Amino acid sequence: LKLPIQNVHLIPAAIGEGFQYHHAEPTYLMMTYWIPESPSTLPSSASHQVGIGAFVLNEEEKVLVVQEKNGPLRGSGVWKMPTGLINQAEDICAGAVREVKEETGVDTEFLEIVGFRHGYHMCFEKSDLLFMCVLNPKSTKIVKQEGEIEAAQWMPLKEFQDQPFNKEDTLQKEMIDIFIAHSMGHYKGFISKKVQFGSYLYKSQNFKCRR
């Protein structure tokens with residue numbers, strides 16, 4: 001039962017008939033009623049949010065980094081890679097390029113996914129998938145996003161790696177080690193291939209189909 005926001009007065013009646021809340025969006029409430037006398041097998045509402053972390057390294061061995069204005073690292077002095085959430089109906093590869101452009105003004109080309117982090121009980125008590133993306137810079141001029149970014153710059157890779165936060169935080173250190181291994185040619189990730197409308201396949205570069 002999909003109730004538009006203008007029909008919210010019908011919620012008590014629906015609950016009285018056995019309907020339960022399933023999920024809500026800005027313009028409607030979705031309610032469900034399982035008829036069979038068995039446990040419901042209806043899928044739960046969306047349980048994950050998807051984000052990206054973007055590693056952008058230029059020919060001078062400098063990585064594109066930002067300082068957050070509003071995020072959890074606000075005021076800490078920590079320089080981090082651009083990160084952000086993927087929009088609905090947006091591909092991971094396109095979202096990574098968009099986020100870097102929005103936060104720094106730098107144009108990039110998506111190269112690979114080199115890993116991902118799965119976290120629990122994050123925003124709205126949902127799980128969080130963060131995909132580690134490698135992008136190639138197509139421009140160098142930085143125009144930082146005023147609303148979310150305090151500062152942005154191209155930082156020498158070693159200086160970025162040696163920040164205390166990146167050495168003390170186990171997850172952050174692991175991620176940076178993977179990115180650096182990739183930049184040295186010691187690690188290969190997953191490239192994107194559009195296979196049909198609205199669908200991308202991410203596959204290993206080492207894959208060779210044998211028929």
Side-chain angles (χ1 to χ4, degrees), residues 47-66 68 71 73 78-120 122 127-140 142 152-163 165-167 169-211:
S47 60
H48 290 68
Q49 65 179 15
V50 178
I52 60 92
F55 183 75
V56 186
L57 189 69
N58 66 18
E59 295 179 351
E60 299 176 352
E61 291 290 302
K62 292 183 177 180
V63 62
L64 184 62
V65 294
V66 300
E68 294 181 331
L73 294 177
V78 172
W79 292 94
K80 59 182 281 290
M81 292 174 289
T83 58
L85 295 176
I86 301 300
N87 293 329
Q88 289 188 20
E90 182 179 41
D91 299 306
I92 294 172
C93 51
V97 171
R98 174 187 55 77
E99 279 292 343
V100 172
K101 179 68 173 180
E102 287 180 356
E103 292 193 358
T104 69
V106 174
D107 295 311
T108 58
E109 173 190 21
F110 176 86
L111 295 180
E112 300 175 24
I113 290 174
V114 294
F116 69 92
R117 186 267 293 135
H118 189 189
Y120 301 93
M122 309 291 273
S127 294
D128 178 89
L129 289 169
L130 179 74
F131 286 86
M132 302 159 54
C133 302
V134 177
L135 294 87
N136 184 45
K138 308 300 287 185
S139 66
T140 58
I142 291 176
Q153 67 165 324
W154 291 100
M155 174 181 280
L157 180 57
K158 186 68 166 62
E159 184 179 342
F160 170 68
Q161 183 183 14
D162 286 344
Q163 291 182 102
F165 175 76
N166 290 339
K167 288 188 171 183
D169 186 279
T170 304
L171 173 62
Q172 193 72 10
K173 184 179 183 303
E174 290 267 359
M175 293 171 63
I176 293 174
D177 286 347
I178 290 173
F179 281 127
I180 292 176
H182 179 274
S183 71
M184 298 174 65
H186 299 158
Y187 185 95
K188 291 293 184 182
F190 292 86
I191 59 174
S192 64
K193 179 182 179 181
K194 195 165 189 176
V195 290
Q196 62 186 38
F197 179 75
S199 235
Y200 273 81
L201 174 68
Y202 293 88
K203 63 177 185 176
S204 169
Q205 296 184 66
N206 298 323
F207 173 76
K208 293 182 180 180
C209 184
R210 295 181 180 179
R211 297 183 185 277

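Remember, it's a predicted structure, so these values are computed and weren't measured experimentally.
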(Q) Does Tyr187 have more than 12 heavy atoms from other residues, nucleotides or ligands lying within 6.0 Å of its OH? (A) yes
Q: Determine whether more than 12 heavy atoms belonging to other residues, nucleotides or ligands lie under 6.0 Å from atom CD of Glu90.
A: yes
(Q) Before you tell me yes or no, could you show the steps for Val78 and Glu68 under side chain to side chain contact (heavy atoms under 4.5 Å, CB included), namely the whole-Å CA-CA distance, both residues' side-chain angles and the distance that decides it to 0.1 Å? (A) CA-CA 8 Å; Val78 172; Glu68 294 181 331; over 6 Å; no
(Q) Is any side-chain heavy atom of Gln153 closer than 4.5 Å to one of Val65? (A) yes
Q.
Applying side chain to side chain contact (heavy atoms under 4.5 Å, CB included) to Gln49 and Ile86, what does each step give before you reach the verdict?
A. CA-CA 8 Å; Gln49 65 179 15; Ile86 301 300; over 6 Å; no
Q: Supply the atom-to-atom distance Arg117 CZ to Met175 CE, rounded to the nearest 0.5 angstrom.
A: 7.0 Å
Q) Which heavy atom in Val106 sits nearest to a heavy atom in Val100, and how many Å separate them? A) O-CG1, 3.7 Å
(Q) In the structure I gave you, are the side-chain heavy atoms of Lys194 and Tyr200 within less than 4.5 Å of one another anywhere? (A) yes
Q | Lys80 NZ to Leu64 CG distance, which is reported to the nearest 0.5 Å | A | 10.5 Å
Q: For Lys167 and Asp162, work out which heavy atoms get closest and say how close.
A: CE-OD1, 3.5 Å
Q: Mind listing the closest non-hydrogen atom pair of Cys93 and Tyr202 along with its distance?
A: N-OH, 3.2 Å
(Q) Under 4.0 Å between a side-chain nitrogen and a carboxylate oxygen: does that hold for Asp169 and Lys173? (A) no
Q | Check: Lys203 and Ile191 side chains under 4.5 Å, non-hydrogen atoms | A | yes
(Q) So Phe55 and Leu111, do their side chains get closer than 4.5 Å, heavy atoms only? (A) no
Q. When rounded to the nearest 0.5 angstrom, what is the spacing between CG in Leu157 and CD1 in Ile180?
A. 4.5 Å
Q | Value rounded to 0.5 Å, distance of CD1 in Ile92 from CD1 in Ile52 | A | 10.0 Å
Q.
Please determine whether side chain to side chain contact (heavy atoms under 4.5 Å, CB included) holds for the pair Glu109 and Asn136, giving the CA-CA distance in whole Å, both sets of side-chain angles, and the decisive distance to 0.1 Å.
A. CA-CA 5 Å; Glu109 173 190 21; Asn136 184 45; 3.8 Å; yes
Q | Heavy-atom closest pair, residues Gly53 and Leu130 | A | N-CD1, 3.6 Å
Q) Do the non-hydrogen side-chain atoms of Thr140 and Asn58 ever get within less than 4.5 Å of each other? A) no
Q: Mind checking the CG-NZ spacing from Leu201 to Lys193? Nearest 0.5 Å is all I need.
A: 7.5 Å
Q: Taking the side chain as every heavy atom from C-beta outward, state whether Thr104 and Pro82 have any atom pair closer than 4.5 Å.
A: yes
(Q) Is the shortest side-chain heavy-atom distance between Lys101 and Thr108 below 4.5 Å? (A) no
Q: Compare all side-chain heavy atoms of Phe165 with those of Leu73 and state whether any distance is below 4.5 angstrom.
A: yes
Q: Kindly compute the distance separating CG (Asp107) from CG (Leu135), expressed to the nearest 0.5 Å.
A: 11.5 Å
**Q.** Residue pair Cys133 / Phe179: nearest heavy atoms and the distance that separates them
**A.** O-CE2, 3.7 Å
Q | Side chain Asp128, main chain Gly51, donor-acceptor under 3.5 Å | A | no
Q) Where is the tightest heavy-atom contact between Ser127 and His118, given as atom of each residue plus distance? A) CB-NE2, 3.6 Å
